[in-house]
Amino acid sequence: MGFPATVADDLSHATHDPLAPVFAQYPLEVLRGEGVWLISRDGRRVLDLYGGHAVASLGYGHPAWSKAVADQARNMNFQSNAVPMDVRLRAARKLIAFSRLPVKSVFFVNSGAEANENALKMAFTLNPGRTEVVALEHSFHGRTAGAGALTWGAAKKWYGFPRTPFDVKFISRKDAAALAQITDKTAAVVVEPIQGVGGAFDLGADYLKALRKRCDETGAVLIFDEVQCGFGRCGEPFAANLYGVLPDMITTAKALGNGFPCSALLMMEKAANAVKMDALGTTFGAGPMASAAIEATIDAIESENLLANVRRVSEYIRKTCIVGPVTGHQGAGFLTGLICKVPASGLQKALLTEHNILTGTSGDANVLRLLPPFTLKEAEVDLLAAALQRLG
Ligand SMILES: Cc1ncc(COP(=O)(O)O)c(C=O)c1O
């Protein structure tokens with residue numbers, strides 16, 4: 001028996017899905033997008049309030065972003081980090097300026113989980129000898145060995161590795177008294193200031209300030225995982241700005257490249273001072289196309305005043321969409337959780353199939369999660385409010 005002569009031969013005998021079947025599929029095949037709209041193969045125009053898991057910050061077909069990525073692809077698609085390139089330096093400088101935080105250094109990688117792995121490595125570098133990391137109940141930090149170890153419930157569901165690379169302690173996200181479990185054995189505390197998968201659940205300024213204080217008392221490194229809630233989604237550059245709490249490191253991804261895979265580890269002074277030559281590394285991180293995508297995304301957010309748009313339109317969502325099956329809201333900015341009196345999964349299905357509106361669910365069965373592009377306008381929110389009224 002040899003290999004099949006052609007791909008067609010191979011497919012005709014296929015016993016497996018060519019794409020590993022690990023993702024449940026929406027009943028929606030997307031051909032293209034325009035702004036906040038998806039156009040499906042069967043000709044439907046679907047309002048996208050989910051943005052591909054919080055990624056499409058500028059929506060679809062953004063002219064300046066598309067041009068920047070295409071121009072970079074033509075001029076120089078790739079050189080490694082060993083080759084100095086102006087575009088990658090510009091991306092780092094612009095991200096630091098965009099943050100309005102005392103960020104001293106940026107390390108670009110490719111995914112949220114990878115940014116978290118590198119943050120953890122830096123935390124253990126800063127705290128040699130400590131072996132424990134504290135995370136919060138209902139957290140999500142990614143699928144890799146370190147990030148998955150800090151993801152609530154992963155050990156029972158999908159973690160897969162025989163052991164975690166460090167000791168892990170999960171503490172309550174509601175009870176500030178639980179912060180006493182952070183001790184001088186704790187190398188790092190990793191938190192999403194606004195939990196995404198956990199249901200667009202905002203920890204709030206008081207909890208985060210108490211957390212900062214406890215980390216200062218014990219010497220634990222504080223890492224904000226802003227992979228989902230950061231980079232403008234909460235209406236400020238980062239949730240650190242929103243809540244006035246400065247962590248030692250921030251990780252961010254998703255919205256950062258508007259769909260071009262990229263992520264970043266933002267280091268404040270203490271962490272930046274501990275970075276040694278060769279301690280971190282990546283092939284694709286900070287590649288010229290990723291850098292061009294990041295630069296174009298920041299330029300668009302600033303020139304189109306999109307943070308103000310997120311603040312204004314998210315307020316409008318909170319004012320107009322607590323109708324029908326929705327009884328309340330949580331989260332911040334365009335990481336909004338609509339609290340429902342019915343299961344969110346049923347509501348999500350009805351919105352998509354009956355009203356052509358794509359939304360998300362979350363780890364909380366009664367929270368419908370909205371993660372729209374930062375360009376969403378009030379008129380589009382009116383369509384959601386009307387659909388919810390009818391489903392009530
Ligand atoms: C808060 C948070 N951290 C980390 C991740 C992992 O990011 P990635 O899938 O890019 O590895 C996610 C993904 O949903 C996330 O929401």
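Counting starts at 1 for both ligands and their atoms, following the listed order. Computed from a prediction, not measured in an experiment: that's the story for all the values here.
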note = atom 3 (N) of ligand 1 sits nearest the protein heavy atom Asp225 OD2, 2.7 Å
message = Give me the nearest non-hydrogen protein atom to atom 2 (C) of ligand 1 as residue plus atom name, then the distance to 0.1 Å.
response = Phe140 O, 3.3 Å
Closest approach of any protein heavy atom to atom 7 (O) of ligand 1, naming residue and atom = Gly112 CA, 3.4 Å
inquiry  = Please check if the number of heavy atoms outside Asn273 that lie under 6.0 Å from its CG is greater than 12.
reply    = yes
query = Taking the six-membered ring for Trp, are the ring centroids of Tyr207 and Tyr243 within less than 6.0 Å of each other?
reply = no
remark   = Any heavy atom of Ala253 under 4.0 Å from ligand 1? The part involved is neither
query = Is there side-chain contact between Arg44 and Ile39, with at least one heavy-atom pair below 4.5 Å?
reply = no
message = Using a 4.0 Å heavy-atom cut-off, which part of Arg143 comes near ligand 1: side chain, backbone, both, or neither?
response = neither
task = Would you mind reporting whether Asp42 and Leu28 have side-chain heavy atoms less than 4.5 Å apart?
result = no
ask   = Any N or O on Gly142 sitting closer than 3.5 Å to an N or O of ligand 1?
value = no
query = Does atom CZ of Arg41 have more than 12 heavy-atom neighbours from other groups under 6.0 Å away?
reply = no
task = Please verify whether a non-hydrogen atom of His141 lies at under 4.0 Å from ligand 1.
result = yes
ask   = Under 4.0 Å from any heavy atom of Val227, which atoms of ligand 1 are there?
value = 2 (C), 3 (N), 4 (C), 5 (C), 7 (O), 12 (C), 15 (C)
request  = Decide yes or no on side chain to side chain donor-acceptor pair (under 3.5 Å) for Asp184 and Thr218, but give the supporting numbers first.
outcome  = CA-CA 5 Å; Asp184 58 10; Thr218 56; over 6 Å; no
query = Regarding Arg173 and the six-membered ring of Phe201, is the cationic atom NZ or CZ under 6.0 Å from the ring centre and inside 45° of its axis?
reply = yes
request  = Could you list the atoms of ligand 1 found under 4.0 angstrom from a heavy atom of Ser111?
outcome  = 10 (O), 11 (O)
message = Regarding ligand 1, does Glu114 bring an N or O atom to under 3.5 Å of one of the ligand's N or O atoms?
response = no
query = Ion pair present between Arg311 and Glu315, side-chain N to carboxylate O less than 4.0 angstrom?
reply = no
ask   = What do you reckon, does Glu192 have a nitrogen or oxygen under 3.5 Å from a nitrogen or oxygen of ligand 1?
value = no
ask   = Are the charged groups of Lys349 and Glu354 less than 4.0 angstrom apart, N to O?
value = no
inquiry  = Suppose we measure from atom 16 (O) of ligand 1 to each protein heavy atom; which comes out shortest, and what is that distance?
reply    = Gln228 NE2, 2.9 Å
Close side-chain approach of Thr297 and Ser57, heavy atoms under 4.5 Å = yes
request  = Please say whether Ala113 places an N or O atom under 3.5 Å from an N or O atom belonging to ligand 1.
outcome  = yes
ask   = Do any non-hydrogen protein atoms sit less than 4.0 Å from atom 9 (O) of ligand 1?
value = no
ask   = If you measure from each non-hydrogen atom of Asn116 to ligand 1, which part falls under 4.0 Å: side chain, backbone, both or neither?
value = side chain
key: For atom 14 (O) of ligand 1, the protein heavy atom that lies nearest, with its residue and separation   = Lys254 NZ, 3.0 Å
